[in-house]
Amino acid sequence: MDSRKKLYFFHENDPIITEKILDLQEVAERYGFTIVKDFRDANVIASIGGDGMFLQAVRKTGFRQDCLYAGIAVGNTRGLYCDFHIDKVSDMIDAATTEQMEVRRYPVIKVNVDNEGSFYCLNEFTIRSGIIKTFVMEVFIDGLHFQTFRGDGLVISTPTGSTAYSKSLKGAVIDPLLPCMQVTEMASLNNNSYRTLGSPFILSGERKLQLKVVQDGNDYPSMGMDNEALSVQHVQKVDIELSERRIKTVKLKNNSYWEKVKRTFL
Ligand code: NAP
Ligand code: MN
């Protein structure tokens, strides 16, 4: 049996969605897929929902390297991670039966807090003040002290995360063919005492970014990996780099990254 064809659906327990999935299952089985109940047995993981759901599907299944992820949208929007729509089954059949189906590889960020284990982000890592007071961090690039940041916080995003939080902070939209990470500021203080670059900056995938939280009492920031909060409380330093991992998704014809950006924003 084709080892590519073990399919797992990641979805909410919504009765309407559950019913639509039954139809999808039937079609999938007709085209040679086996539906599995445990994501560990799957080699295709389909998230049913928007981008937020796709982020959760990737996170809850452990950023797997040995399987393909597919985003299936429901409702009116079709997110940046969703190449399919639950009501357009023909697209899915095409993708499943076309030999020369393309696979995209999306860069992922790896974050380590106080040397206590690493975690991954597909959109971004966020670190921000947990209280009303400004929050201070020393920012190092490859060991070079680059700047002292004082303000609300920083967002470090992947190329595919560039259309999410980072974009709201006036970050550039980045082609995911470029393995890199973008740093955007959240309300930095800039005056005669405090100075930051003030504009977003993009680091090559070879660079290492380090944030040292100044231990001035406001050293309990809230941190987020995509749409999940990190339960760590006190923080001294955070190391951020591009991971070796890539998230593989199915690419449909006429559905390049820039087509998706156009469809979403223009
Ligand atoms: P949410 O707060 O419900 O949704 C934020 C919006 O961002 C949703 O419309 C979501 O699309 C969209 N989105 C997620 N990833 C995207 C991407 N890569 N490109 C374009 N749009 C994207 O939370 P969520 O749905 O769980 O998504 C989590 C993400 O929200 C975070 O990773 C962060 O990037 C973003 N966020 C943005 C802000 C901001 O802009 N001020 C603040 C907090 C978080 P769907 O509706 O399809 O899910
Ligand atoms: Mn959402």
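Atoms within each ligand, like the ligands themselves, are counted from 1 in listed order. None of these values were measured; they are calculated from a predicted model. Index from 1, following the sequence.
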Q: To check your reading of the model: name the closest protein heavy atom to atom 40 (O) of ligand 1, its residue, and the distance in Å.
A: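 Result for atom 40 (O) of ligand 1: Ser168 OG, 2.5 Å.
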Q: Would you say Gly52 has any N or O atom under 3.5 Å from an N or O of ligand 1, going by distance alone?
A: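 N/O-N/O distance under 3.5 Å: yes.
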Q: Heavy atoms only, cut-off 4.0 Å: how does Glu124 contact ligand 1, side chain, backbone, both, or neither?
A: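 For Glu124, only side-chain atoms sit under 4.0 Å from ligand 1.
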Q: Could you list which atoms of ligand 1 come closer than 4.0 Å to a heavy atom of Thr163?
A: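 Per the distance check, 17 (C), 18 (N), 19 (N), 20 (C), 21 (N).
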Q: Under 4.0 Å from atom 46 (O) of ligand 1, do we find at least one protein heavy atom?
A: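 No.
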Q: Going by atom types alone, do Thr61 and Tyr69 pair a side-chain donor with an acceptor below 3.5 Å?
A: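 Yes, Tyr69 and Thr61 have a side-chain donor paired with an acceptor closer than 3.5 Å.
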Q: What atoms in ligand 1 come closer than 4.0 Å to a heavy atom of Tyr81?
A: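 Listed by number with element: 18 (N).
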Q: Check for me, please, whether Ile48 and Leu252 land in the same ILVMFWY cluster - side-chain distances under 4.5 Å, paths through other members count.
A: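 Yes, because Ile48 and Leu252 connect within a single hydrophobic cluster, where side-chain heavy atoms sit under 4.5 Å apart.
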Q: Assign the ring pair Phe125 / Phe119 to parallel, tilted or perpendicular, where the plane angle (0 to 90°) is split at 30° and 60°.
A: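 Plane angle between 30° and 60°, so tilted.
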Q: How does Thr264 reach ligand 1, by side chain, by backbone, by both or by neither, if only non-hydrogen atoms under 4.0 Å count?
A: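 Neither part.
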Q: With atoms numbered from 1 as shown, which atoms in ligand 1 lie under 4.0 angstrom from a non-hydrogen atom of Asn227?
A: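 So the answer, numbered in order with elements, is 26 (O), 28 (C).
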Q: Are any of the protein's heavy atoms under 4.0 angstrom from atom 25 (O) of ligand 1, yes or no?
A: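 So atom 25 (O) of ligand 1 has protein heavy-atom neighbours under 4.0 Å.
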Q: Which heavy atom of the protein is the closest neighbour of atom 22 (C) of ligand 1, given with residue, atom name and distance?
A: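 Answer, as residue, atom name and distance: Asp51 OD2, 3.5 Å.
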Q: Is a side-chain donor-acceptor pair under 3.5 Å present for Asn227 with Arg59?
A: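 Judged by distance alone, the side chains do not pair up.
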Q: Indicate whether atom 5 (C) of ligand 1 is within a distance of less than 4.0 angstrom of some protein heavy atom.
A: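 Given the 4.0 Å limit, the answer for atom 5 (C) of ligand 1 is no, no protein heavy atom qualifies.
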Q: Would you confirm whether any non-hydrogen atom of the protein falls under 4.0 Å from atom 37 (C) of ligand 1?
A: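 It does; a protein heavy atom is within 4.0 Å.
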Q: When you compare the side chain of Val250 with that of Lys248, does any pair of heavy atoms fall below 4.5 Å?
A: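 The answer is no, as the side chains (C-beta and beyond) never meet within the 4.5 Å cut-off.
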Q: Which part of Ala164 is near ligand 1, with near meaning a heavy atom under 4.0 Å away: side chain, backbone, both or neither?
A: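 Looking at Ala164 and ligand 1, atoms from backbone and side chain both fall under 4.0 Å.
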Q: Which heavy atom of Met92 sits nearest to which heavy atom of His85, and what is that distance?
A: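 Shortest heavy-atom contact: CE-O, 3.2 Å.
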Q: Look at atom 8 (C) of ligand 1 and say whether a protein heavy atom is found at less than 4.0 angstrom from it.
A: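 Looking at atom 8 (C) of ligand 1, one finds that no protein heavy atom lies closer than 4.0 Å.
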Q: Give the single entry among Asn123, Val261, Leu80, Leu122 that approaches atom 18 (N) of ligand 1 most closely by any heavy atom.
A: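 Checking each option, the heavy atom nearest atom 18 (N) of ligand 1 is found in Asn123.
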Q: Is a side-chain donor-acceptor pair under 3.5 Å present for Gln182 with Glu124?
A: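 On atom types as modelled, these side chains do not qualify, holding no pair under 3.5 Å.
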Q: Does one side chain, of Thr196 or Glu185, offer a donor that lies under 3.5 Å from an acceptor on the other?
A: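 Yes, side-chain donor-acceptor contact under 3.5 Å.
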Q: State, without any angle test, whether Asn13 and Thr18 hold a side-chain donor-acceptor pair at a distance under 3.5 Å.
A: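 No donor-acceptor contact under 3.5 Å links the two side chains.
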Q: Is there a donor-acceptor pair closer than 3.5 Å between any side-chain N or O of Gln236 and the backbone N or O of Val113?
A: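 A pair under 3.5 Å: no.
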Q: I need the nearest protein heavy-atom contact for atom 41 (N) of ligand 1: residue, atom name and distance, please.
A: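 Here the nearest protein heavy atom works out to Tyr165 CE2, 3.5 Å.
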Q: Under 30°, 30 to 60°, or over 60°: which ring-plane class applies to Phe63 and Tyr120, parallel, tilted or perpendicular?
A: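 Correct class here is tilted.
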Q: Yes or no, since that's all I need: does a protein heavy atom fall within a distance strictly under 4.0 Å of atom 32 (O) of ligand 1?
A: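 So far as the 4.0 Å threshold goes, atom 32 (O) of ligand 1 is in reach of a protein heavy atom.
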Q: Mind checking whether Val155 and Val136 sit in one hydrophobic cluster, side chains of I, L, V, M, F, W, Y counted as touching below 4.5 Å?
A: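 Shared cluster, no.
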Q: Kindly state if atom 2 (O) of ligand 1 has a protein heavy atom within a strict 4.0 Å cut-off, that is, under 4.0 Å?
A: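 No, because not a single protein heavy atom sits under 4.0 Å from atom 2 (O) of ligand 1.
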Q: Could any protein non-hydrogen atom be found less than 4.0 Å from atom 15 (N) of ligand 1?
A: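 So far as the 4.0 Å threshold goes, atom 15 (N) of ligand 1 is in reach of a protein heavy atom.
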